[in-house]
Amino acid sequence: MGIPFRIYNTRTRSVEDFKPTTEGKVGIYVCGMTVYDRCHMGHARAMVVFDAFVRYLRFRGWDVNFVRNFTDVDDKIITRANELGEDPIALSARFIEAFHEDADAMGLIRPDEEPRVSESIDSILQLTQSLIEKGSAYESEGSVWFDVKSFPAYGQLSGQKVDELKSPDVVPGKRHPADFALWKGVKPGEPAWDSPWGPGRPGWHIECSAMAMDCIGHTLDIHGGGLDLVFPHHENEIAQSEAHSDCTYANYWMHNGMLTMSGGQKMGKSLGNVWNVQNALKEFPAECLRLYYLQSLYRSSLPWHDEALPEALGMLCRLYEAREVAESMGGSEDAAQVAKDLGEDAMKVIEIAESFESRFLSALDEDFNTAKAMAVVFELARAINRFANHKKAKKRGGPVVAGALAAFQLVSDTLAILSLDVSAFMEEVKTKRCAAMGLNPEQVSETIAARSQARNDREWATADAIRVDLDEKGVILMDNPDGTTTWRLRITDAS
RNA sequence: GGCGACGUAGGCAAGUGGUAAGCCAGAGGUUUGCAAAACCUCCAUUCACCGGUUCGAAUCCGGUCGUCGCCUCCA
């Protein structure tokens, strides 16, 4: 069936009702990575956003065909391969493997299809041939160019006008500076495939059109990707696809915003400010990255800074702790009866839990507003904590928080946040933060045992000295009411 | 030069015509052997600036200033 939703369409610059091409189905194609290096935090935003979006769509009953490609034949790959003295296809295969490692570690669902350029050459050749036959492309010196002047609607997505583009490059054989290569004649040291125009390789944009139409059809419901791809990549995709099929190429264009650096710079390797996913995941749980991305609207630019992940981790811990508190509550009475006995804080939990699904999902239904949706989760967490202050909540509160636990499950089902077992999550946090801070968990435990002994002996001065010492190392102690001491690591840089 | 987006508290960030969600930081309090966590209270008469429309605008319109992205590979 599919519950209706609205989504911002880059082409019309407005939020629109989504209308599927086929009842109940969503065909979505997302531009994946050009695989010549590891996935970094900027790429990861796109991956997480569309991963969550697809989960949400499926949860809402849509039959989703999710396709995300690998561009494994490309100038940058060839350049990198030549630098390393490696075969380009081998190099990209290596980074596809690395991407899958990172994607799995981030908890991303695998797309239904992950086409690669190197495995789609036939389709690319057919599409190119078709464009030549239709008069939209021309061959010149072993290369084939798309004739932008033959496509009047060129620029519909980005608002660009062909003749007003900046300092076009001068390439022999091109009729118009904005014409772009569908097929590039072979050059020494580059991979090549046979074609009717001689050996060569696909151009810059043709691969996505070929793969998308292969996997989904002439008309995609949604085409996604980073905002930086709007021009020329997506513009060119539209031109070549529509010139070929005479169908609308994509009904909705959904673009995620960029990660921006605090100084206004973009994350880039030359600046030495790239955090790749592999390294981030050594220090932070995967859901921490998800929360960082999903706490803002997917199409806004998102500032990256050193405290971004620590802050997200703090938020995530807050949510998990609230869930733990709720899960630890017992009792089997009627919820309404317990609430009546325990007062308005209990009523408040029930009230927020009851309206949760509606508020949370309607936020996602309106342009996938995860920021707004997550705010409701925090409201629920606070209500639980407040309720937990009641002495009888632990014994009798279970029925009261049942709805809240269902709400957390909903968050997990749609956004894949709060999807872990609480203790497993806490353990992961401890392991990763210890590694990040260079601490030995066993040593910490021994030190804490010594302090517990001092506390038993009521030697407060000794106990406090140990606390201060550990605190300086970033270890924060929590003395529980039952006499045990648990600990966690400082995550925001307050020191 | 062209195209586009954005400018909401100390930082981040929702809100797109009806009187400012949420997170972090900060101050005070409850709790605690001391802490931590949690909870409570406080923290934007105001949404870059200037005009306009309206009973009413952060939200619509016009202008000004500023920031960013794209126009070359880019999530």
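Order of the sequence lines fixes the chain letters, A, B, ..., with proteins taken first and strands second; residue numbering starts at 1 for each chain.
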Euclidean distance for P, B:C12 against B:G17 (whole angstrom): 26 Å
Return yes if a side-chain donor-acceptor contact under 3.5 Å exists between A:Asp163 and A:His176, otherwise no. yes
Has the side chain of A:Arg467 got a donor or acceptor that lies under 3.5 Å from a partner of the other kind on the base of B:A35? yes
Please report, rounded to the nearest Å, how far the P atom of B:U67 is from the CE atom of A:Met258. 21 Å
Nearest-Å distance for atom pair CE/P, residues A:Met33 and B:C74: 12 Å
Look at the side chain of A:Arg451 and decide which nucleotide, out of B:G33, B:A38, B:C71, has an atom nearest to it. B:G33
To the nearest Å, how far apart are A:Lys430 NZ and B:A37 C1'? 14 Å
Among the nucleotides B:C71, B:G2, B:A36, whichever has the atom closest to the side chain of A:Gln160 is B:G2
From the candidates B:C39, B:A36, B:A37, the one with an atom nearest any side-chain atom of A:Glu321 is B:A37
Roughly how far apart are A:Leu220 CG and A:Ser209 OG, rounded to 0.5 Å? 8.5 Å
Is A:Ser300 near enough to B:A14 that one of its side-chain N or O atoms lies under 4.0 angstrom from OP1 or OP2? yes
For atom C1', what is the distance between B:A37 and B:C73, given to the nearest Å? 48 Å
Is the shortest side-chain N/O distance from A:Arg318 to OP1 or OP2 of B:A38 below 4.0 Å? yes
Among A:Thr370, A:Asp365, A:Leu410, side-chain contact (heavy atoms from CB on, under 4.5 Å) partner for A:Phe360: A:Leu410
Where each residue is assigned the nucleotide of RNA chain B containing its nearest heavy atom, which of A:Leu297 and A:Leu477 is assigned the position nearer the 5′ end? A:Leu297
Can you tell me how far P in B:G56 sits from the matching atom in B:G18, rounded to whole Å? 15 Å
Just by modelled atom types, is the A:Gln156 backbone N or O under 3.5 Å from a matching donor or acceptor in the A:Glu235 side chain? yes
For B:U19 versus B:A38, give the span between their C1' atoms, rounded off to a whole number of Å. 33 Å
So if I take every side-chain heavy atom of A:Phe378 and compare against B:A37, B:G22, B:C34, which nucleotide ends up nearest? B:G22
Have a look at A:Asp75 and say if it touches a base, only the backbone sugar-phosphate, or nothing, with a 4.0 Å heavy-atom cut-off. nothing
Rounded to whole angstrom units, what separation is found between the CD1 atom of A:Ile491 and the C1' atom of B:A36? 13 Å
Proximity to the side chain of A:His233 - top-ranked nucleotide from B:C23, B:C74, B:A75: B:C74
Any sub-3.5 Å donor-acceptor pair from A:Asn69's side-chain atoms to A:Pro115's backbone N or O? no
Determine whether more than 12 heavy atoms belonging to other residues, nucleotides or ligands lie under 6.0 Å from atom CE of A:Met426. yes
Tell me whether the NZ or CZ atom of A:Arg55 lies within the 45° cone about the ring axis of A:Phe50 and under 6.0 Å from its centre. no
Taking RNA chain B as the partner, which of residues 348-373 of chain A come within under 4.0 angstrom of it by heavy atom? A:Asn369, A:Ala371, A:Lys372
Watson-Crick or G-U pairs under 3.5 Å in RNA chain B, rendered as dot-bracket with [ ] for crossing pairs and | for another strand: ((((((((.[[[..)..(...]]].(((((.......))))).....[[[[[..)....]]]]])))))))....
Closest to the side chain of A:Pro303, out of B:C23, B:A13, B:A37, is B:A13
Would you mind telling me which residue lines up with the more 5' stretch of RNA chain B, A:Ala383 or A:Cys31, judged by nearest nucleotide? A:Ala383
So, is A:Arg11 close to the B:G4 phosphate, meaning a side-chain N or O under 4.0 Å from OP1 or OP2? no
Provide, to the nearest angstrom, the distance between the NE2 atom belonging to A:His205 and the P atom belonging to B:C74. 7 Å
Is any side-chain nitrogen or oxygen of A:Thr34 closer than 4.0 Å to OP1 or OP2 of B:A75? yes
Would you state whether a donor and an acceptor, one from the side chain of A:Arg458 and one from the base of B:G33, lie under 3.5 Å apart? no
Do A:Asp74 side-chain and B:C73 base share a donor-acceptor contact under 3.5 Å? no
Could you check whether A:His234 and A:Tyr249 have their ring centres less than 6.0 Å apart? no
Selected nucleotide, minimal atom distance to A:Asp479 side chain, candidates B:A14, B:G33, B:G22: B:G33
Touch check for A:Met315, heavy atoms < 4.0 angstrom, all strands: base, sugar-phosphate only, or nothing? sugar-phosphate
Provide, to the nearest angstrom, the distance between the CG atom belonging to A:Leu227 and the P atom belonging to B:C70. 9 Å
Donor-acceptor pair, side chain of A:Arg13 and main chain of A:Thr10, under 3.5 angstrom: yes
Which is true for A:Gly155 with a 4.0 Å heavy-atom rule: it touches a base, it touches only sugar-phosphate, or it touches nothing? nothing
With sugar-phosphate meaning primed atoms plus P, OP1 and OP2, does A:Ala46 contact a base, only sugar-phosphate, or nothing at under 4.0 Å between heavy atoms? sugar-phosphate
Rounded to whole angstrom, note down the C1' distance from B:C74 over to B:U59. 34 Å
Any side-chain donor-acceptor pair under 3.5 Å between A:Tyr252 and A:Glu16? no
Could you work out the separation of B:C49 and B:U41 based on their C1' atoms and round it to a whole Å? 35 Å
Could you state the CE-P distance from A:Met41 to B:A75, rounded to the nearest angstrom? 15 Å
If the P atom of B:U46 is compared with that of B:G63, how far apart are they to the nearest Å? 27 Å
Integer-rounded Å distance: B:A37 C1' and A:Arg490 CZ: 14 Å
Of the listed nucleotides B:C71, B:A38, B:G33, the one nearest the side chain of A:Pro232: B:C71
Side-chain N or O of A:Arg488 closer than 4.0 Å to phosphate OP1/OP2 of B:A37: yes
Do A:Arg299 and A:Ile7 have side-chain heavy atoms sitting under 4.5 Å apart? no
With P as the reference atom in both, quote the distance from B:G15 to B:A75 in angstrom, rounded to an integer. 27 Å
Value for CD1 (A:Ile77) from OG (A:Ser118), rounded to nearest 0.5 Å, stands at 9.0 Å
Would you say CD of A:Glu344 has more than 12 non-hydrogen atoms from neighbouring residues, nucleotides or ligands within 6.0 angstrom? no
